[in-house]
Each structure stands twice: as C-alpha cells, then as structure tokens.
Amino acid sequence: MVRLNKFLAGSGVASRRACDELIRSGRVTVNGEAVSSLATWVDEQRDEVAVDGQVVKPKQGHVYIMLHKPRGYVTTVRDTRGRPKVIDLVPRGSRLFPVGRLDIDTEGLLLLTDDGELTNRLLHPRFKVAKTYVAVLDREVAVRDIAKLRQGIALDDGMTAPCEARLLDAPPHGKVVELTLREGRKRQVRRMFAALGYHVLLLRRVAFGPLGLGELPIGSWRHLTDEEVAQLHQAGGLAGKSTCPASTDCLAALEG
C-alpha cells in the first residue's frame, strides 16, 4: 500500500505538491470513486487510479533531462498566454515537468523529469539543495554589498538565508557576481540585488545541486547519466534508489 499522492508522483503525473492539489480538487478517482483526502492509500497492484478520467499506471523507470533554458521561455507546463514553454524544447511522449522554476527572463540549467518523488525532495527546504547563479549587473558591485549578500538580505517576505557570494570579475569592472542559494523564493536573486540598488541585466543558473551546466548550448538538452542521477538522489536523501535514466524503455517512452 502507498499514499495516493506518492503513487501519482511516482507514476510521473506531477510533483508531490501538484498531486496534492489534484486530489484536493477532486480530479482523482480510485476504482471509479472521486477522492479528495490526502490520507488516501491505494494498492498499486489492485486499485485503478485515474486523473481526469485517464488511468494512471505505475512507471517502471524515469526520465531525467538537463536543459539549458533560453530567456523568453516559461517553466509552466501550460500557459494561457501562449508564451513559449520549456516543455516544447524537449521530446514529447513522457509526462515531464520542470524541477522548480526559472522566471521568463532567466536562462540556464533546468532539470526536467517524470520522477515526482525526487522532484519533491530536491525542492524541499529540509534538504537545502544548492542552486548557483551568475548575475551581470548594471554597475560595479561594492565589496560591502557582497558581505551583505553573504549575511542575508531583508525582503518583503522576510530575511534571506546566508548564501555564498563572490565577484567573478575584478574591479574596476566588478559587475559579475556568483551566488549560491539553498532556498528558493520567487525571483529571489533579482529581488536581493534590487534591495541593494542594483539591476540585473542577465541571470543564468549554472548549477543545481551536484550538477553543473557545463558547455551545454542555450536551448539544448541532454539525458543525465546514471552517475548524475545517483548524485541527485543522494542530494535528496534517496541514495541507493534504483533508476533507469538511459534505458531502452525510458528512451522509448520519452521519444514516443
């Protein structure tokens, strides 16, 4: 037996949190009966689970992709305004969803997967998975402001946690800063710099947890290696969990 939200997330429907919302909204049925309680348990072998009338089957393996997101793309799976979506940049055929978000004006490393359990772990504050950004600013950054970034910045939703910060180019320029955060608020990097009086001209995420963007071109994607997937599982406290990021079955499901 397994909790319904965990079953849905593990089957690639969405992240655990998004699955909770599907259940609460009454869009999930178990053996033909609508359920809305997050305390619902199901038998993976006997119960029939459906979302919006579509039967959900347990997955035998998962797909893991790294994308170099371009600016101008949204990280939502659906967009009512018709803007370009990151999901359109990768092959169809599997229920991939982004691991977290990058705002439309930010580029860089974005993970996509159908592994809801891992996604939940990587985004949960408990595990404090690091995310590293490079920001190009509109003017030279004062050394005292680097110190303030490291200590935490007061934002309208509270003080940010201490982070790692360093200048990547030396004065007299000093406009490029690398930040490593272990929390994830909406547009956090831009808001931190705005609170100090700077405007971000370009923002790129260059690392997520143990994985770096490397030389992956903008707009391109690749499958993660077995080792990289294992590193992500370790970062999310799931070390030793089996995966199949590049197996024949997984690739067939992804490429349709």
Side-chain angles (χ1 to χ4, degrees), residues 1-67 75-78 85-87 90-101 110-127 129 184 208-209 223-224 226 228-256:
M1 298 287 287
V2 65
R3 280 193 181 272
L4 180 57
N5 59 355
K6 185 175 181 179
F7 171 81
L8 292 172
S11 299
V13 172
S15 68
R16 185 85 67 87
R17 185 175 299 177
C19 289
D20 287 347
E21 293 304 315
L22 290 174
I23 296 169
R24 289 193 186 98
S25 63
R27 294 170 59 186
V28 180
T29 60
V30 178
N31 300 324
E33 298 290 332
V35 296
S36 58
S37 172
L38 299 184
T40 302
W41 290 71
V42 295
D43 185 324
E44 297 173 275
Q45 304 302 318
R46 297 183 180 182
D47 291 329
E48 182 181 87
V49 178
V51 177
D52 295 334
Q54 183 176 353
V55 175
V56 176
K57 298 292 185 181
K59 292 188 68 65
Q60 300 304 311
H62 292 290
V63 178
Y64 306 87
I65 279 179
M66 179 189 295
L67 169 72
T75 51
T76 51
V77 176
R78 298 180 180 85
K85 305 182 296 295
V86 294
I87 205 71
V90 297
R92 299 284 185 158
S94 185
R95 293 181 176 182
L96 293 176
F97 44 85
V99 180
R101 295 187 177 184
L110 182 68
L111 299 176
L112 297 101
T113 185
D114 54 3
D115 188 339
E117 183 175 6
L118 177 61
T119 297
N120 185 62
R121 292 294 192 99
L122 293 175
L123 298 179
H124 198 286
R126 170 187 172 190
F127 296 99
V129 177
F208 190 114
H223 292 286
L224 298 187
D226 288 350
E228 288 172 329
V229 174
Q231 290 173 350
L232 287 177
H233 277 83
Q234 184 173 13
L238 295 168
K241 191 175 178 65
S242 61
T243 62
C244 67
S247 70
T248 302
D249 289 343
C250 286
L251 293 180
L254 177 65
E255 296 167 355

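Positions are given from 1, in the same order as the sequence printed here. Scope of the values below: all heavy atoms of this structure, side chains included, with no hydrogens, waters or symmetry mates.
Between Arg3 and Ile23, the closest side-chain pair of non-hydrogen atoms is not below 4.5 Å.
Put simply, CG on Leu67 and CG on Leu110 are 5.5 Å apart, with the number rounded to the nearest 0.5 Å. One distance of note links CD of Glu44 with NZ of Lys57; it measures 12.5 Å at 0.5 Å rounding. Within the model, atoms OG1 of Thr113 and CZ of Phe97 stand 6.0 Å from one another, a figure rounded to the nearest 0.5 Å. For the atom pair CG of Leu123 and CG of Leu118, the computed distance is 9.0 Å after rounding to the nearest 0.5 Å. Atom CG of residue Leu38 and atom NZ of residue Lys6 lie 15.0 Å apart, to the nearest 0.5 angstrom. For the atom pair CD of Glu117 and CG of Asn5, the computed distance is 10.5 Å after rounding to the nearest 0.5 Å.
A side-chain contact (heavy atoms from CB on, under 4.5 Å) with Phe7 holds for exactly one of Thr40, Val49, Val28; it is Val49. Of the options Asp115, Val129, Leu238, a side-chain contact (heavy atoms from CB on, under 4.5 Å) to Leu122 is made by Val129 and by none of the others.
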Run the side chain to side chain contact (heavy atoms under 4.5 Å, CB included) check on Ile65 and His223 step by step: do they pass?
CA-CA 5 Å; Ile65 279 179; His223 292 286; 3.9 Å; yes

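Between the side chain of Asp114 and the backbone N or O of Val63, at least one donor-acceptor pair lies under 3.5 Å. A donor-acceptor pair is defined here as one N or O able to donate and one able to accept, closer than 3.5 Å; such a pair exists between the side chain of Ser37 and the backbone of Ala39. Asp47 places a side-chain N or O within donor-acceptor distance of the main-chain N or O of Asp43, the cut-off being under 3.5 Å.
For the pair Val86 and Thr75, the tightest heavy-atom approach, listed with the atom from each and the gap, is CG2-CA, 3.8 Å. Between Ala14 and Cys19 the shortest heavy-atom distance is O-SG, 3.6 Å. Across all non-hydrogen atoms, the minimal contact from Ala9 to Ser15 is CB-C, 4.3 Å. What you find for Val77 and Pro98 is that their closest heavy atoms are CG2-CD, 4.1 Å. A pairwise comparison of heavy atoms in Phe208 and Leu111 identifies CD2-CD1, 3.9 Å as the closest pair.
The number of heavy atoms from other shown groups lying within 6.0 Å of CZ (Arg17) does not exceed 12.
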